Asker: 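Take a look at this one; I'll ask things after.
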2 protein chains.
Amino acid sequence: MARTVSERSDVLPLLAEAFREHGYEGASLALIGEATGLGRGSLYHFFPGGKEEMASAVLGEIEAWFETNIFRVLRTAEHPENALLQTLDATEEYFRSGRRICLVGAFALSDTRDRFSLSLRRYFSEWRAALEFALSKTGETPAEAATHAEEIVLSLQGALVLARALDDPGIFSRAIGRVRSRLPKARTKRRGGAPRLP
Amino acid sequence: MARTVSERSDVLPLLAEAFREHGYEGASLALIGEATGLGRGSLYHFFPGGKEEMASAVLGEIEAWFETNIFRVLRTAEHPENALLQTLDATEEYFRSGRRICLVGAFALSDTRDRFSLSLRRYFSEWRAALEFALSKTGETPAEAATHAEEIVLSLQGALVLARALDDPGIFSRAIGRVRSRLPKARTKRRGGAPRLP
DNA sequence: TAAAGCATGTACCGAACGATACAGTTTTCG
DNA sequence: CGAAAACTGTATCGTTCGGTACATGCTTTA
């Protein structure tokens, strides 16, 4: 009765969506099975550790995505001003302009926080550190950069909460816009090398 | 086997604490019974509607507290600048300087959002509206006041998320401080009567 | 003090939970 | 081809879930 070959990585997005919609406790195995199209057997084949391993894997993939598309970009950019704008765009797209919640933030406010505290800390502190690094490269003082970075992460998270509660994604877009407008201005002079995204 | 007379209002804070710690789904009746010291019988005597009514009552009490201590103060203050500072202090105290999460925010990010969507909307929109009103009375333009109010609520919520995730209450205190410093300055001149704003 | 009504603890219910066992089916590869 | 490995659906485990029933005892009224 086996079906076509599935890969663990294939079900991760579906799994993530299920946890996003229902939370850790709320996502029952029946629900997860429905969301992924997999039976309990398959689920436990891919994730022997059960529900906890499923959530852990989802968090891992989220971290990996942010590491690739946000943190690394901020850390390695030649032009930090452009990198900041670029990662802000990527963030807005990732959260579907406020229609999608941050699973990490949701976990942080739930009682699953303790279970995944390491992942949660890493996610937020890396984000903050990467922003801080890029901001300080734009010429902000260490103190300014630290405060500014913290405020950016916090604004995005708060905007997601509010957007969700008021069912108004515009709140998130506006918050992103405000963050963008407070960024150090990018140099207008474009050097000949490899121009960053427009 | 009855014990001393309890009042419904007596158990609400304990109930709130249980929901804060474990979330709606995570707070089982066994846990709630333990937290409140009440058996299922008493619980269902006070809250015939079961768990949903318990959570509803808790949200109601939270709303009432904010209405009294925050929203009304902002709406009826003679000196909005002072009211803003005062309610900010009250907010910091309420959230125990970042050590306590916002149950309403937590609910907003969980799958219980739909169940209590009305309460969640009311809480945040009243908060925002009250801030907006007070800010516009300080002389901010309607557009400025609206944006500013939204940003304050959002910052506080985001700070609570971050403080929880990073286990660093200081994040919340710093955020409050930043909000405070961006408030329109209160007039130092104190007139005897009831001074109106220009 | 006796009746009345409220408050409470205990036992219990069916349903759903997370998890496991296992047989059956497909894929892989020598 | 044929055996080993990978995969998946079903049945079922023991537990816990939210919720109910009810007898017992306390507090209040008279």
Side-chain angles (χ1 to χ4, degrees), chain A residues 1-59 103 106-107 110-116, chain B residues 1-60 103 106-107 110-116 119:
Chain A
M1 269 190 186
R3 275 275 330 292
T4 68
V5 184
S6 293
E7 293 228 11
R8 201 178 122 121
S9 58
D10 291 337
V11 302
L12 280 182
L14 301 167
L15 222 36
E17 214 42 43
F19 282 124
R20 245 184 265 274
E21 269 186 55
H22 306 284
Y24 183 77
E25 318 265 1
S28 69
L29 286 194
L31 225 52
I32 291 175
E34 199 176 323
T36 58
L38 261 45
R40 279 167 155 67
S42 311
L43 250 13
Y44 271 80
H45 174 73
F46 288 121
F47 307 96
K51 206 165 126 174
E52 179 155 351
E53 186 177 343
M54 299 179 206
S56 215
V58 166
L59 286 178
L103 187 61
F107 274 17
S110 77
D111 70 330
T112 57
R113 180 187 71 137
D114 298 331
R115 213 189 288 247
F116 305 110
Chain B
M1 269 190 185
R3 275 278 330 292
T4 70
V5 184
S6 293
E7 294 228 11
R8 199 180 125 122
S9 58
D10 290 337
V11 302
L12 280 180
L14 301 167
L15 222 36
E17 214 42 43
F19 282 124
R20 245 183 264 274
E21 267 187 55
H22 306 283
Y24 183 76
E25 319 265 1
S28 69
L29 286 193
L31 224 53
I32 292 174
E34 198 176 325
T36 58
L38 261 46
R40 280 166 153 65
S42 312
L43 248 16
Y44 271 82
H45 173 74
F46 288 123
F47 308 96
K51 205 165 128 173
E52 180 154 351
E53 186 177 343
M54 299 180 206
S56 217
V58 166
L59 286 178
L103 187 60
F107 274 17
S110 76
D111 70 332
T112 58
R113 180 187 71 137
D114 298 332
R115 211 189 290 246
F116 304 110
S119 278

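The structure presented is a predicted model; accordingly, all values stated were derived computationally and were not measured.
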Asker: Side chain of Y44(A) only, heavy atoms from C-beta on: which candidate in dT8(C), dT20(C), dG18(D) is closest?
Answerer: dT20(C)

Asker: Of the options dG18(D), dA19(C), dT8(D), whose atoms approach the side-chain atoms of L29(A) most closely?
Answerer: dA19(C)

Asker: Answer whether the closest heavy-atom distance between the side chains of E52(A) and F116(A) falls below 4.5 Å.
Answerer: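 Yes, close enough: below the 4.5 Å cut-off.
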
Asker: Hey, which of these two, S42(B) or G26(A), hits DNA chain C nearer its 5' end, going by closest nucleotide?
Answerer: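 Going by which nucleotide is closer to the 5' end, it is S42(B).
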
Asker: Assign each of G41(B) and A27(A) to its nearest nucleotide of DNA chain C by heavy atoms, then name whichever residue's nucleotide is nearer the 5' end.
Answerer: G41(B)

Asker: For dC17(C), does OP1 or OP2 lie under 4.0 Å from any side-chain N or O of S28(A)?
Answerer: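 Answer yes for this pair, as a side-chain N or O of S28(A) is under 4.0 Å from OP1 or OP2.
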
Asker: Record whether the side chain of R40(A) comes under 3.5 Å of the base of dG9(D) through a donor-acceptor pair of N or O atoms.
Answerer: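 When only heavy-atom distances are counted, R40(A) does not reach the base of dG9(D) through any donor-acceptor pair under 3.5 Å.
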
Asker: Would one find a side-chain N or O of H45(A) under 4.0 angstrom from OP1 or OP2 of dT8(D)?
Answerer: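 For dT8(D), neither OP1 nor OP2 has a side-chain N or O of H45(A) closer than 4.0 Å.
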
Asker: Calculate the interatomic distance between L43(B) atom CG and dC17(D) atom C1'; express it in whole Å.
Answerer: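 The answer, rounded to whole Å, is 14 Å.
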
Asker: Could you measure the distance from the CD1 atom of I32(A) to the CG atom of L38(A)? Nearest 0.5 Å is fine.
Answerer: 11.0 Å

Asker: Calculate the interatomic distance between D10(B) atom CG and dT8(C) atom C1'; express it in whole Å.
Answerer: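 After rounding, the reported distance stands at 15 Å.
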
Asker: Tell me: CG of L31(A) to P of dA16(C), nearest whole Å?
Answerer: 13 Å

Asker: Between atom CZ in F46(B) and atom P in dG18(D), what is the gap in whole Å?
Answerer: 20 Å

Asker: For residues L15(A) and R8(A), determine if any side-chain heavy atom of one lies less than 4.5 Å from a side-chain heavy atom of the other.
Answerer: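 L15(A) does not reach R8(A) side chain to side chain.
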
Asker: Hey, can you tell me if F19(B) and F107(B) have their rings parallel, tilted or perpendicular (30° and 60° cut-offs)?
Answerer: perpendicular

Asker: How close or far is atom P of dG18(C) from atom CD of E25(B), stated in whole angstroms?
Answerer: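 For the pair E25(B) CD and dG18(C) P, the rounded distance is 10 Å.
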
Asker: Heavy atoms from C-beta onward define the side chain here; which of dG18(D), dC17(C), dG18(C) lies closest to that of A30(A)?
Answerer: dC17(C)

Asker: Whole angstrom is fine here: how far is it from CD in E34(B) over to P in dT16(D)?
Answerer: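 Taking CD of E34(B) and P of dT16(D), I get 13 Å after rounding.
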
